[in-house]
Amino acid sequence: MVYLLSTTWIKAKNYLCNMSKVRVRFAPSPTGGLHLGGVRTALYNYLFAKKNDGDFVLRIEDTDQTRYVEGAEQYILDCLNWCGIQPDEGPHTGGEYGPYRQSERKSIYREFAEKLVESGHAYYAFDTPEEIESLRETLKAQGKYNVQYDFQNRLNMRNSLSLPPEETEELLKINFPHVIRIKMPRNEYVHFHDMIRGDIEMPTAGVDDKVLLKADGMPTYHLAVVVDDYLMKITHALRGEEWLPSAPVHILLWKYFGWEKHMPHWAHLPLILKPDGNGKLSKRDGERLGFPVFAMEWNDPKNGLVKGFKELGFMHEAFINMLALLGWNDGTEQEIFSLEEMVEKFSMDRVHSHGAKFDFEKAKWFNHEWIKRSDFERLQPDVKKVFEENGVVINDEQKLQHIVNLVKERCTLLTDFWQQASFFFIAPKEIDTSSILPKWNENKNQFFVELIRTYSFINSWQIEEIENTFKELAAASKLKPGELMLPLRVMLVGGKFGPGVFEISSILGKEETIKRIEHTLSLMK
RNA sequence: GGCGCGUUGGUCAAGGGGUUAAGACGCCUCCCUUUCACGGAGGAAUCACGGGUUCGAAUCCCGUACGUGCUACCA
């Protein structure tokens with residue numbers, strides 16, 4: 001009985017342990033800003049790794065030199081840093097499986113590709129891009145839709161399968177530009193298990209003979225991902241759903257290399273979709289729909305500066321919380337999670353298999369919740385920064401703490417602290433007199449003139465005192481306090497917002513309060 | 001066109017044969033607050049469609065529709 005129990009347990013655990021440590025990788029291309037989908041892929045990788053005491057590896061997939069963008073790699077790292085999901089290994093951190101940039105691993109891929117040629121699973125192809133294009137044109141003209149370089153027409157092309165061996169050898173000898181392509185089997189079905197989608201069966205016929213090694217000697221994603229995952233001992237490959245159709249190529253490659261026993265467990269993450277319907281969220285949608293798609297500000301060499309969630313006033317805790325909940329939840333009603341809690345509760349079988357439309361309103365709600373729940377210590381540096389960006393340096397920490405706690409529930413974004421609290425430090429530049437003017441009259445004017453006089457005699461500038469004085473004077477003037485509080489508020493903060501008006505006044509101090517009333521009174525004439 | 005993957009209110013979603021089908025965002029009403037928020041109470045709104053299987057289907061099966069992804073010497 002004991003024996004039975006333990007084998008069952010081992011079987012269940014085997015999925016994760018399999019004697020080796022869990023190792024996952026986030027493998028972005030340095031081609032631009034890191035958008036929501038990318039960050040979430042990184043986050044799920046991180047959560048899964050940490051949940052299972054594993055390693056989170058960053059690998060830079062820079063095999064396409066034409067798309068390489070200067071600064072993008074550092075940017076990716078900065079984003080991960082801001083989100084608090086630092087890699088355990090990577091180009092900047094190091095590690096024993098480096099180098100972690102595929103461009104720096106260039107020399108190792110050719111050998112593997114050639115091994116595949118030797119074993120008959122791949123072949124050299126000498127077609128020029130123009131020749132391939134012309135094949136497509138011809139086939140299309142014949143009304144064929146499946147215009148692929150595959151079993152149907154590879155023998156009509158120029159490659160080591162169609163050419164006599166001598167000619168192939170000759171072409172190789174003179175170093176004629178060529179690629180290495182996988183020879184996809186004609187009629188096979190590839191079966192594999194996806195941690196999110198369950199068992200999947202896909203026909204090989206639908207996939208073309210993917211290029212494995214490009215003419216410039218760089219591997220394509222298909223070769224590099226398999227070779228590197230093997231070499232880096234990756235145990236779980238979590239990536240976007242867009243990779244599902246080419247999964248058969250990768251699985252076949254693992255098989256052809258004879259590495260099947262080491263193949264990682266697969267998980268294809270759902271997509272994040274545009275809020276207004278069709279398509280996956282793309283970098284352009286932000287501008288079009290008025291919300292950020294990047295984690296942090298990205299200065300694109302071509303398109304200029306684009307703000308990110310960070311600059312907009314998002315807390316990183318809220319940002320990753322929101323992202324994690326877009327495609328995963330723990331099955332309870334809890335929605336607010338810290339990174340640590342997510343690590344503790346994350347599980348792949350609660351990740352959804354369908355895409356989710358991004359909702360900026362909900363994203364802001366997460367941030368609002370995080371601001372409300374954060375203490376002053378957490379908020380202080382961010383709030384100070386917002387003030388500094390507006391040209392106000394704060395020295396009085398105690399005053400700041402008081403104010404932050406007073407207004408934080410009114411702030412959805414960190415940048416809102418400026419609107420909600422700047423009047424405590426500097427007099428409002430503009431007074432919204434239009435909101436009091438319609439009901440303004442000489443009686444009210446008299447009241448405030450009198451108020452200034454009365455206030456100037458007050459010795460203890462406490463809320464109660466300020467309020468009582470105000471109300472007594474209102475009663476004496478036969479005016480309703482309610483009709484006078486709004487004008488006072490506008491005089492002090494510049495508009496119809498902010499915490500209790502007497503609380504504001506007490507923080508402002510007697511002199512400043514009087515000064516601001518006088519100033520507005522002068523505007524009302 | 002082909003091949004995948006998917007489909008619970010407008011959005012995020014729980015629920016995986018028997019529920020009045022949770023909850024959150026947003027929207028609306030009211031209370032609190034002589035501002036704006038916060039908070040509280042309520043409301044409108046949903047199982048894509050059609051067939052099966054079953055005493056019973058949001059839940060299982062099959063079709064259809066729709067969405068989405070891939071179909072590059074991009075990842």
Side-chain angles (χ1 to χ4, degrees), chain A residues 27-31 61-64 66-67 125 127-129 132-133 136 140 143-150 177-181 194 196-197 200-208 210-222 224-225 239-248 268 270-271 273-280 322 325-329 331-336 350 352-366 368-369 372 407-412 416 419-420 435 480-490 493 495-501:
Chain A
S29 292
T31 54
E61 309 224 330
D62 55 350
T63 54
D64 186 355
T66 63
R67 293 210 309 157
D127 320 87
T128 63
I132 292 172
E133 193 44 44
R136 292 215 169 91
K140 252 184 199 161
K144 287 185 185 166
Y145 287 103
N146 245 15
V147 284
Q148 291 187 328
Y149 200 124
D150 61 8
H178 63 275
V179 300
I180 295 179
R181 285 178 181 272
D194 185 285
I196 295 169
R197 285 152 220 280
I200 294 178
E201 176 191 79
M202 289 176 106
T204 55
V207 188
D208 61 346
K210 293 280 180 217
V211 169
L212 263 21
L213 198 75
K214 300 188 260 189
D216 65 0
M218 279 286 193
T220 58
Y221 173 82
H222 307 293
V225 74
R239 57 183 0 178
E241 188 187 342
E242 68 268 27
W243 291 109
L244 210 39
S246 53
H268 290 90
L271 268 11
L273 309 169
K274 298 178 203 284
D276 59 347
N278 31 52
K280 71 172 166 176
M322 171 274 289
L325 272 279
L326 210 54
W328 170 86
N329 66 74
T332 72
E333 285 185 11
Q334 186 175 350
E335 289 192 274
I336 303 299
R350 290 204 65 90
H352 302 145
S353 50
H354 58 265
K357 288 180 186 166
F358 176 68
D359 181 2
F360 189 48
E361 290 306 318
K362 183 86 188 212
K364 285 195 286 193
W365 174 81
F366 274 104
H368 195 12
E369 287 300 312
K372 280 191 293 182
V407 304
K408 67 181 182 186
E409 67 200 21
R410 285 153 221 268
C411 297
T412 299
D416 291 342
Q419 142 89 346
Q420 290 296 332
S435 60
K480 286 181 192 156
E483 289 177 49
L484 299 162
M485 280 165 77
L486 183 69
L488 178 61
R489 164 179 303 284
V490 174
V493 314
K496 295 196 281 184
F497 58 88
V501 70

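Chain identifiers are assigned alphabetically (A, B, ...) following the order of the sequence lines, protein sequences preceding nucleic acid strands; residue numbering begins at 1 within each chain. Quick caveat, the model's predicted, so the values are computed rather than measured.
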| field | Counter-base of C38(B), judged by Watson-Crick or G-U geometry with both distances under 3.5 Å | value | none

| query | With both distances kept under 3.5 Å, what pairs with A14(B), Watson-Crick or G-U wobble? | reply | none

| Closest to side chain of Ser353(A), choosing from A14(B), G4(B), G6(B) | G6(B)

| request: Scan Asp127(A) against the nucleic acid and name what it touches under 4.0 Å (heavy atoms): base, sugar-phosphate only, or nothing. | output: base

| Between Gly500(A) and Thr128(A), who's closer to the 5' end of RNA chain B by nearest nucleotide? | Gly500(A)

| said: Regarding Lys372(A), tell me which of base, sugar-phosphate or nothing describes its non-hydrogen contacts under 4.0 Å with the strands shown. | reply: sugar-phosphate

| Considering only side-chain heavy atoms of His354(A), which listed nucleotide, A75(B), G6(B), U35(B), is closest? | G6(B)

| query | What nucleic acid atoms does His352(A) come within less than 4.0 Å of, heavy atoms only: base, sugar-phosphate, or nothing? | reply | sugar-phosphate

| query | Among Arg239(A), Glu241(A), Arg197(A), which residue meets the side-chain hydrogen bond (donor to acceptor under 3.5 Å, both in side chains) test with His268(A)? | reply | Arg239(A)

| Nearest to the side chain of Lys362(A) - A24(B), C70(B), C38(B)? | A24(B)

| message | Base, sugar-phosphate or nothing for Pro499(A)? Non-hydrogen atoms, less than 4.0 Å. | response | base

| note | Applying the 3.5 Å cut-off to both distances, the Watson-Crick or G-U partner of A45(B) turns out to be none

| query | Has the side chain of Lys214(A) got a donor or acceptor atom that lies under 3.5 Å from a matching backbone atom of Thr63(A)? | reply | yes

| Closest listed nucleotide, where the reference is the side chain of Arg410(A) and the choices are U35(B), G4(B), C12(B) | U35(B)

| task | Pick base, sugar-phosphate or nothing for Gly482(A), based on heavy-atom distances below 4.0 Å to the nucleic acid. | result | base

| task | State which of G4(B), U7(B), U11(B) makes the closest approach to the side chain of Pro203(A). | result | G4(B)

| When all nucleic acid strands are considered with a 4.0 Å heavy-atom cut-off, which category describes Lys210(A): base, sugar-phosphate, or nothing? | sugar-phosphate

| said: Need one value for Met202(A): base, sugar-phosphate or nothing, where a base atom within 4.0 Å counts as base even if backbone is also close, heavy atoms only. | reply: sugar-phosphate

| query | How far does the C1' atom of A37(B) sit from the matching atom of G18(B), given to the nearest Å? | reply | 45 Å

| task | Looking at every strand, decide which applies to Gly327(A) at a 4.0 Å heavy-atom threshold: base, sugar-phosphate, or nothing. | result | sugar-phosphate

| task | Report the base-pairing partner of U33(B) (Watson-Crick or G-U wobble, both distances below 3.5 angstrom), or none. | result | none

| Ion pair present between Arg67(A) and Asp64(A), side-chain N to carboxylate O less than 4.0 angstrom? | yes

| query | In whole angstroms, how far is the C1' atom of U71(B) from the CG atom of Asp150(A)? | reply | 11 Å

| message | Whether Lys280(A) contacts G69(B) is assessed here as follows: a side-chain N or O lying under 4.0 Å from the phosphate OP1 or OP2. Is that the case? | response | no

| request: Considering just the side-chain nitrogens and oxygens of Asn329(A), establish if one lies under 4.0 Å of OP1 or OP2 belonging to A14(B). | output: yes

| task | Quick one: look up who C60(B) pairs with, Watson-Crick or G-U, both distances under 3.5 Å, and put none if it's unpaired. | result | G52(B)

| Base partner of G67(B), which must satisfy Watson-Crick or wobble distances under 3.5 Å | C5(B)

| message | For Leu325(A), is there any backbone N or O sitting under 3.5 Å from a side-chain donor or acceptor partner on Asn329(A)? | response | no

| request: Could you tell me whether Arg181(A) sits above the aromatic face of Tyr149(A), with NZ or CZ closer than 6.0 angstrom to the six-membered ring centre and within 45 degrees of the axis? | output: yes

| So, is Arg67(A) close to the A75(B) phosphate, meaning a side-chain N or O under 4.0 Å from OP1 or OP2? | no

| query | Where the side chain of Pro245(A) is defined as all heavy atoms beyond and including C-beta, which of U35(B), G69(B), U34(B) is the nearest nucleotide? | reply | G69(B)

| query | If you pin Glu483(A) and Val179(A) to their nearest nucleotides in RNA chain B, which one's is more 5'? | reply | Glu483(A)

| message | Counting only side-chain heavy atoms from C-beta out, which of A24(B), G15(B), C5(B) sits nearest to Arg350(A)? | response | G15(B)

| field | Nearest listed nucleotide, side chain of Ala215(A), among U71(B), C73(B), U35(B) | value | C73(B)

| field | Phosphate-side-chain proximity, Lys364(A) and U11(B), N/O vs OP1/OP2 below 4.0 Å | value | no

| query | Arg136(A) side chain N/O closer than 4.0 Å to the phosphate oxygens (OP1, OP2) of A72(B)? | reply | yes

| Base, sugar-phosphate, or nothing for Leu484(A), non-hydrogen atoms under 4.0 angstrom? | nothing

| task | Would you mind telling me which of U35(B), A75(B), C38(B) lies closest to the side-chain atoms of Asp64(A)? | result | A75(B)

| task | Consider the side chain of Ile132(A), meaning its heavy atoms from C-beta on, and name the nucleotide among C73(B), A75(B), U35(B) that approaches it most closely. | result | C73(B)

| message | Regarding Thr63(A), tell me which of base, sugar-phosphate or nothing describes its non-hydrogen contacts under 4.0 Å with the strands shown. | response | sugar-phosphate

